[in-house]
Amino acid sequence: PPMALHSATAHPALASKFILAAPQSPSGWPAARVIALAKSLAADRRLDIDPARIIVTGVSMGGAGVWSAAARAGDIEFAAAVPVCGAGRVDAEALDGVPVWAFHGANDVVVPVGITDGAV
């Protein structure tokens, strides 16, 4: 969807029904930064974001940030967490109450699939 939105080829309902924030980082996403970004976007009244519908997702290092942020969210409640091949230590108990839809390829040669398997 990001490219389809950018090129205006996405279905019109997609362009008006959600906001996608996809920041990049060469060094990973600490939970505090992910949570601060979500809070900042939710607080911006111009965006009209329903805080109860914020979903956090990321790939690889971003997936690690997803696991970490969802476990440490504190006063922001993510509607769901969608880590994709996320690395790092997962505190499954801290994720209690957060719906998780985790993806990880069995042939991943960078991040062991056992991390995701163990978390779910």
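Keep in mind that what you see is a predicted model, and the values were worked out from it rather than measured.
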**Student:** How far does CG of Asp44 sit from NZ of Lys39, to the nearest 0.5 angstrom?
**Tutor:**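 Here the interatomic distance stands at 16.0 Å.
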**Student:** For the CG atom on Asp50, are there more than 12 heavy atoms of other groups (residues, nucleotides or ligands in this structure) within a distance under 6.0 Å?
**Tutor:**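 Count over threshold, so yes.
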**Student:** Taking all non-hydrogen atoms of both residues into account, name the closest pair between Val98 and Phe78 and its distance.
**Tutor:**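 Minimum heavy-atom contact is CG1-O, 4.4 Å.
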**Student:** Quick check: closest heavy atoms across Ala31 and Ser68, and the distance to 0.1 Å?
**Tutor:**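 Scanning both residues completely, I find the closest heavy atoms to be CB-OG, 3.2 Å.
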**Student:** Quick check for you: to the nearest 0.5 Å, what is the distance between Arg53 atom CZ and Glu77 atom CD?
**Tutor:**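 That separation rounds to 15.5 Å.
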**Student:** Do you know which two heavy atoms are closest between Asp91 and Ala71, and how far apart they sit?
**Tutor:**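 Shortest heavy-atom contact: O-CB, 4.2 Å.
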**Student:** Which atom pairs, one a donor and one an acceptor, fall under 3.5 Å between side chains of residues 105-115 and the rest of the protein, sequence neighbours left out?
**Tutor:**
from: Asp108; atom 1: OD1; to: Val110; atom 2: N; distance (Å): 2.7
from: Asp108; atom 1: OD1; to: Val111; atom 2: N; distance (Å): 3.0
from: Asp108; atom 1: OD2; to: His104; atom 2: NE2; distance (Å): 3.2

**Student:** List, by chain and then residue number, the residues other than Phe103 in its hydrophobic cluster (Ile/Leu/Val/Met/Phe/Trp/Tyr, side-chain heavy atoms under 4.5 Å); write none if there are no others.
**Tutor:**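 Members besides Phe103, by chain and number: Ile55, Val59, Val82, Val84, Trp101.
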**Student:** When you group the ILVMFWY residues by side-chain heavy-atom contacts below 4.5 Å and let the links chain together, are Leu47 and Ile35 in the same group?
**Tutor:**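 The answer is yes; both residues are in one hydrophobic cluster.
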**Student:** Check the hydrophobic clustering (I, L, V, M, F, W, Y; side-chain heavy atoms under 4.5 Å; chains of links allowed) and say if Ile54 and Val34 are grouped together.
**Tutor:**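 Looking at the clustering, Val34 is in the same group as Ile54.
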**Student:** At their closest point, which heavy atom of Ala119 faces which heavy atom of Trp67, and how far apart are they?
**Tutor:**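 Smallest interatomic distance, heavy atoms only, reads CB-CH2, 3.6 Å.
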**Student:** Can you see which heavy atom on Val100 is nearest to which on Pro83, and at what distance?
**Tutor:**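 Smallest heavy-atom distance, with atoms named: CG1-CD, 4.0 Å.
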**Student:** So, Ser25 side chain and Ser27 main chain: donor-acceptor pair closer than 3.5 Å or not?
**Tutor:**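 Side chain of Ser25 to backbone of Ser27, a donor-acceptor pair under 3.5 Å: yes, one is there.
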